[in-house]
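Step one of this worksheet: look at the structure below.
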Protein chains: 2
Amino acid sequence: MSHILGVRQAQKQKTRQALMDAALALLEEQSLSSLGLREVTRAVGVAPTAFYRHFRSTADLGVALVEEALGSLHPMIRATVTSADSSGERIERAVDLIAGHVNAYPAHVRFIARERHGGVQPVREAIRDQLGRFADEVKAELAEDAEAEGWSDDDLLMLSHLYVDQMLITASLFLEALEASPEDRERVGLLATRQMRLISIGRRHWLD
Amino acid sequence: MSHILGVRQAQKQKTRQALMDAALALLEEQSLSSLGLREVTRAVGVAPTAFYRHFRSTADLGVALVEEALGSLHPMIRATVTSADSSGERIERAVDLIAGHVNAYPAHVRFIARERHGGVQPVREAIRDQLGRFADEVKAELAEDAEAEGWSDDDLLMLSHLYVDQMLITASLFLEALEASPEDRERVGLLATRQMRLISIGRRHWLD
DNA sequence: AATTCCGGAGAACAGTTGTTAACTGGATGA
DNA sequence: TCATCCAGTTAACAACTGTTCTCCGGAATT
């Protein structure tokens, strides 16, 4: 996977990552469409023109951030949804996964929630594509379940989107509760768990 | 309700509304956090300083837009959720209401979807408050239903939030499909209907 | 009819923005 | 070792931003 990079390429990737990190930090208090290129380079400590060595524009940077934020998440989602044990345990595992991810990468989660409907079209599209892939993968997992007997492809995808959207809503709620009391965060977890459970109950009786 | 305004106050409200309309139009291609005050006044055709006669800042304008976009929606939601006939018909009515509203006020819907998780805190809070009120009202309607027998207040509110979030997701999908083919828009409607139906099925079997 | 009020205009302010061009100096490959 | 490459720098550009202060003219009040 990892090539042995020369000193030059390593340095380039380092500043590129620094630009992305700085942007992500700045985006906690604004939207991508108001993020200035000079603002980012100033935070990193490089000249404004250095930005162009890595990105064509801040929108371009945003697309790269989408890849960073969601690209590595696919195996985790698959692993979480798979799990052949009880449905209740699967839900708890999913909620815990989300809570843990929000704790570990709050800026990434905030960025995705913010720019999913944000003012920069290419970024919206990148997020939509990634979420669409999530839905496809969840669908593939659901299809292998015994409960999927008799379900049409269309209905499976419908349910998958419901789950994916619910995951995002839950992540956003955990994010809001990040600086709140532990009891509040626990309450968010319980709320999300019950909502997922209700959806799963609907799934179980869908074919009645 | 409506006072008879003097010429002066009428003119003031007129330019205030013009500022809000221009801002809403400009926000179709960017986020509020990048909306400049001069940009808005230029679009209206007034001096930049005139802006301050109406709003302290663009964030302030945003809060006013939230009120305009969501404030008048409460009675509609109540009326749609009430309706004592079949659950299936109620869902279809709700989806139609959403589709119609998106067609009638696309810029408002886009604004809410965009700024709900956007970069301007006061606006986020204003939207959160309004959506919270929606959830409370939906909950009150659900509580009067016969199916609410044995439901805890907490579970009713859980379900209400699920419904409200689902409405927003649906509105956002309709928005994306606004310029798509009529078949695509119909597909969005069917998807949303089935998702709402699945949630309603989950509701029916919640107490099992 | 005389006075106050006030929404909007005008000019000016110091800072900021994206983008260009030409450059430097160390890593790279022959 | 020497020529090439290229990430990052410096300087300059016109255009733009939010905000202040001063002023105007017509509506509102007395």
Quiz prompt | Which nucleotide in C:dG18, D:dT20, D:dA28 has an atom nearest any side-chain atom of B:Tyr52 | solution = D:dT20
Quiz item: Have A:Glu68 and A:Gln17 got a donor and an acceptor in their side chains that come within less than 3.5 Å?
Solution: yes
Practice problem: Would you mind reading off the distance between B:Arg38 atom CZ and D:dG18 atom C1', rounded to a whole angstrom? | Solution: 7 Å
Exercise. Assign A:Thr15 to base, sugar-phosphate, or nothing according to its heavy-atom contacts below 4.0 angstrom with the strands shown.
Key: sugar-phosphate
Exercise. Could you say whether B:Val46 or A:Glu39 is positioned toward the 5' end of DNA chain C, judged by the nucleotide with the nearest heavy atom to each?
Key: B:Val46
Exercise. Could you state the atom-to-atom distance from CZ of A:Arg16 to P of D:dC6 in whole Å?
Key: 17 Å
Quiz item: Contact class for B:Ala50 (heavy atom, under 4.0 Å): base, sugar-phosphate, or nothing?
Solution: sugar-phosphate
Practice problem: Please state how far atom CD in B:Gln11 lies from atom P in C:dC6, giving the value in whole angstrom units. | Solution: 16 Å
Self-check item: side chain to side chain contact (heavy atoms under 4.5 Å, CB included) partner of A:Lys139, the single match among A:Val81, A:Leu159, A:Asp153, A:Val164
Solution: A:Asp153
Quiz item: Could one point to a donor on the side chain of B:Arg8 or the base of C:dC5 with an acceptor on the other under 3.5 Å away?
Solution: yes
Quiz item: Thinking salt bridges, do A:Glu28 and A:Arg110 make one under a 4.0 Å N-O criterion?
Solution: yes
Quiz prompt | Atom-to-atom span, CG of A:Leu19 to C1' of D:dA7 - whole angstrom | solution = 12 Å
Practice problem: Pick out which of B:Asp155, B:Leu198, B:Ile199 makes a side chain to side chain contact (heavy atoms under 4.5 Å, CB included) with A:Leu198. | Solution: B:Ile199
Self-check item: Of B:Gly6 and B:Thr58, the one whose closest DNA chain D nucleotide lies more 5'
Solution: B:Thr58
Self-check item: base_contact_polar (C:dT16 base, A:Arg42 side chain, donor-acceptor, <3.5 Å)
Solution: no
Practice problem: Using atom CZ of B:Phe55 as one end and atom C1' of D:dG18 as the other, report the distance to the nearest whole Å. | Solution: 17 Å
Self-check item: Rounded distance in Å - CZ (A:Arg53) to C1' (C:dG26)
Solution: 14 Å
Quiz item: Separation of B:Phe51 atom CZ from D:dT20 atom C1', in whole Å?
Solution: 16 Å
Quiz item: Given atom NZ of A:Lys14 and atom C1' of C:dA27, what is their separation to the nearest angstrom?
Solution: 15 Å
Exercise. Determine whether any donor atom in the side chain of A:Thr49 lies under 3.5 Å from an acceptor atom in the base of D:dT10, or the reverse, and answer yes or no.
Key: yes
Self-check item: Interatomic spacing from CG in A:Leu131 to CG in A:Leu73 - rounded to 0.5 Å
Solution: 10.0 Å
